[in-house]
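Down below is the structure, laid out as structure tokens.
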Amino acid sequence: MCSVISRVKPCHRALAVSLRLRTNTESPSYAAAQSRRFSPGVSSGVEPLWVSSRSYSSRTAMTEGLFFRQLLELESMTYTYLLADTATKEAVIIDPVLETINRDLKLIGELGLNLKVAVNTHCHADHITSTGLMKKGLAGLKSAISKYSGASADILLSEGDKIPFGKHCLTVRETPGHTDGCLTLVMEDQSMAFTGDALLIRGCGRTDFQQGCSKRLYNSVHQKIFTLPDQCLVYPAHDYLGQTVSTVGEERKFNPRLTKSIDQFVDIMKNLNLPKPAKIDIAVPANLVCGLHEV
């Protein structure tokens with residue numbers, strides 16, 4: 001039976017409701033992407049997508065009895081993922097964003113889902129998570145993040161831990177390098193992997209702040225993600241070009257950074273010359289306390 005371990009005391013800090021967020025990203029393509037109101041392939045309605053036989057290219061996830069929804073937050077171009085068991089209605093949300101909490105709670109309510117766990121793939125620097133505030137509105141909801149993130153949460157996750165929802169579960173793979181606490185969450189049948197900022201579509205997370213280490217990231221991706229089946233769908237935390245999903249096989253073959261040698265990869269990452277994320281000074285402290293931030 002899948003189980004989640006290592007629980008700690010919930011966050012208690014209050015959120016100032018008047019907090020207004022501004023964001024920046026690491027991609028020079030962000031400005032162009034921002035002008036598009038909807039990312040191709042991302043649903044803006046509430047009609048459920050019951051994933052049983054639907055194609056992305058020649059294949060997409062075909063896990064029986066799984067509800068899946070990919071949602072987009074436009075300012076930081078962050079993807080939030082909602083997964084549920086269609087029989088029990090137990091659900092998990094991955095990387096929820098404060099700016100879109102009302103949208104997410106509305107969808108969860110309309111579909112009658114019982115949200116059990118809100119998990120962050122890492123301590124984000126470009127947006128504030130809605131995990132802390134979401135817990136205030138949903139009884140029994142638990143927050144989760146890596147034990148190596150330095151953040152507070154009800155559940156501190158490490159390699160091999162399971163996050164169950166109904167008959168399904170996500171398995172934790174530690175993929176540090178972008179930050180110490182980066183996680184990749186893999187469906188039990190290895191049909192889908194939620195890679196956070198470790199592996200992006202034809203890219204990867206930056207390594208020049210927040211305990212970043214290029215060699216560690218390279219090894220994490222090659223050992224923990226590229227060892228998944230070729231057809232495993234890759235769902236990242238961000239995309240700035242409207243891409244919604246890739247596959248392990250595609251990224252292993254076409255990723256312009258991670259197909260290089262480790263020394264070449266380190267050199268590429270060293271010379272990105274990216275601007276500091278505009279919100280890092282408020283986002284990181286807030287996310288270290290489940291997204292609850294006193295201002």
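Values below: all heavy atoms of this structure, side chains included; hydrogens, waters and symmetry mates excluded. None of the values given here were measured: they were computed from a predicted structure.
Rounding to the nearest 0.5 angstrom, the gap separating the OG1 atom in T175 from the NE2 atom in H222 is 13.0 Å. Atom OG1 of residue T100 and atom CG of residue L105 lie 9.5 Å apart, to the nearest 0.5 angstrom. From T259, atom OG1 reaches atom CD of E251 across 9.5 Å, with rounding to the nearest 0.5 Å. Taking OG of S214 as the start and NZ of K270 as the end, the distance is 8.5 Å to the nearest 0.5 Å. Rounding to the nearest 0.5 Å gives a distance of 12.0 Å between OG1 of T78 and CG of L71. Atom CD1 of I93 and atom CG of L141 lie 9.0 Å apart (nearest 0.5 Å).
In this structure a side-chain-to-backbone donor-acceptor pair under 3.5 Å is missing from H178 to A198. Put simply, the side chain of D85 gets close to the backbone of K167: a donor and an acceptor are under 3.5 Å apart. Under the 3.5 Å distance criterion, the side-chain polar atoms of K215 are left unmatched by any main-chain donor or acceptor of I262. At distances below 3.5 Å, not a single donor-acceptor pair connects side-chain atoms of E73 with backbone N or O atoms of E99.
When side chains are defined from C-beta on, T184 does not count as touching L199, because their heavy atoms never get closer than 4.5 Å. Proximity of V172 to L185: side-chain heavy atoms (C-beta onward) are separated by under 4.5 Å at one or more points. L111 has its side chain within reach of F67: a pair of non-hydrogen atoms, C-beta onward, lies under 4.5 Å apart. Between V92 and V119, some side-chain heavy-atom pair lies under the 4.5 Å cut-off. Side-chain contact between D208 and L272 is absent, with no heavy-atom pair separated by less than 4.5 Å. Looking at H122 and H124, their side chains come closer than 4.5 Å, going by heavy atoms from C-beta outward. Here the side chains of T121 and D197 are not in contact, with every heavy-atom distance at 4.5 Å or above. Side-chain contact between T207 and C213: absent, with no pair of heavy atoms (C-beta onward) separated by less than 4.5 Å.
Contact record, P236 with T195: CA-OG1, 3.5 Å, taken as the closest heavy-atom pair. Of all heavy-atom pairs spanning C204 and L258, the tightest one is CB-CD1, 4.1 Å. Between A84 and A91 the shortest heavy-atom distance is CB-CB, 3.7 Å. Closest non-hydrogen pair, T247 versus D230, comes out as CB-O, 3.5 Å. Nearest heavy-atom pair across A151 and L156 is O-CD2, 3.8 Å. Between N287 and C123 the shortest heavy-atom distance is CB-SG, 3.7 Å.
Heavy-atom neighbours of K260 NZ from other residues, nucleotides or ligands within 6.0 Å: above the threshold of 12. Heavy-atom neighbours of K116 NZ from other residues, nucleotides or ligands within 6.0 Å: at or below the threshold of 12.
Using a 30° and 60° split on the angle between ring planes, Y218 and F265 fall in the tilted class, from 30° to 60°.
Between E188 and K162, no side-chain nitrogen of the basic residue sits less than 4.0 Å from a carboxylate oxygen of the acidic one, so the salt-bridge criterion is not met. By the 4.0 Å N-to-carboxylate-O rule, K135 lies close enough to D154 to be salt-bridged with it. For the pair D180 and R216, the salt-bridge criterion is met [side-chain N within less than 4.0 Å of a carboxylate O]. Salt bridge present: D281 and K276 bring a charged side-chain N and a carboxylate O closer than 4.0 Å.
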| request: Applying side chain to side chain donor-acceptor pair (under 3.5 Å), run through S76 and D126 and close with a yes or a no. | output: CA-CA 7 Å; S76 61; D126 60 352; 4.9 Å; no

| said: I'd like to know whether L133 forms a side-chain contact (heavy atoms from CB on, under 4.5 Å) with L98, so could you lay out the CA-CA distance, the side-chain angles of the two residues, the decisive distance to 0.1 Å, and finally the verdict. | reply: CA-CA 8 Å; L133 190 59; L98 186 59; 3.8 Å; yes

| task | Please assess R103 against T80 for the test side-chain contact (heavy atoms from CB on, under 4.5 Å), listing each intermediate value before the final yes or no. | result | CA-CA 11 Å; R103 175 202 68 188; T80 294; 4.3 Å; yes

| message | Let's go through S261 and D263 carefully: what are the C-alpha distance in whole Å and the side-chain angles of both, what is the deciding distance for side chain to side chain donor-acceptor pair (under 3.5 Å) to 0.1 Å, and is it a yes or a no? | response | CA-CA 5 Å; S261 71; D263 290 335; 5.4 Å; no

| query | Is there a side-chain contact (heavy atoms from CB on, under 4.5 Å) between I145 and T129 once you walk through the steps? | reply | CA-CA 11 Å; I145 199 167; T129 178; over 6 Å; no

| said: Using the rule given for side-chain contact (heavy atoms from CB on, under 4.5 Å), can you reason through R202 versus L241, listing the C-alpha separation, both sets of side-chain angles and the distance that settles it, and then say yes or no? | reply: CA-CA 11 Å; R202 307 301 192 265; L241 299 175; over 6 Å; no

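Taking hydrophobic clusters as Ile, Leu, Val, Met, Phe, Trp and Tyr residues chained together by side-chain heavy-atom distances below 4.5 Å, F254 does not share a cluster with L217. Note on I201: it does not cluster hydrophobically with F194, by side-chain heavy-atom contacts below 4.5 Å among ILVMFWY residues. Following chains of ILVMFWY side-chain contacts shorter than 4.5 Å, one can reach L83 starting from Y79, so the two form part of one hydrophobic cluster.
Pairs engaging residues 140-167 under the ring-ring contact (aromatic ring centres under 6.0 Å, His included) rule: F165-H168 [sequence neighbours left out].
Side chains of D95 and H127: a donor-acceptor N/O pair is absent below 3.5 angstrom, by distance only. Judged purely by distance below 3.5 Å, without hydrogens or angles, the side chains of S143 and T131 never pair a donor atom with an acceptor atom.
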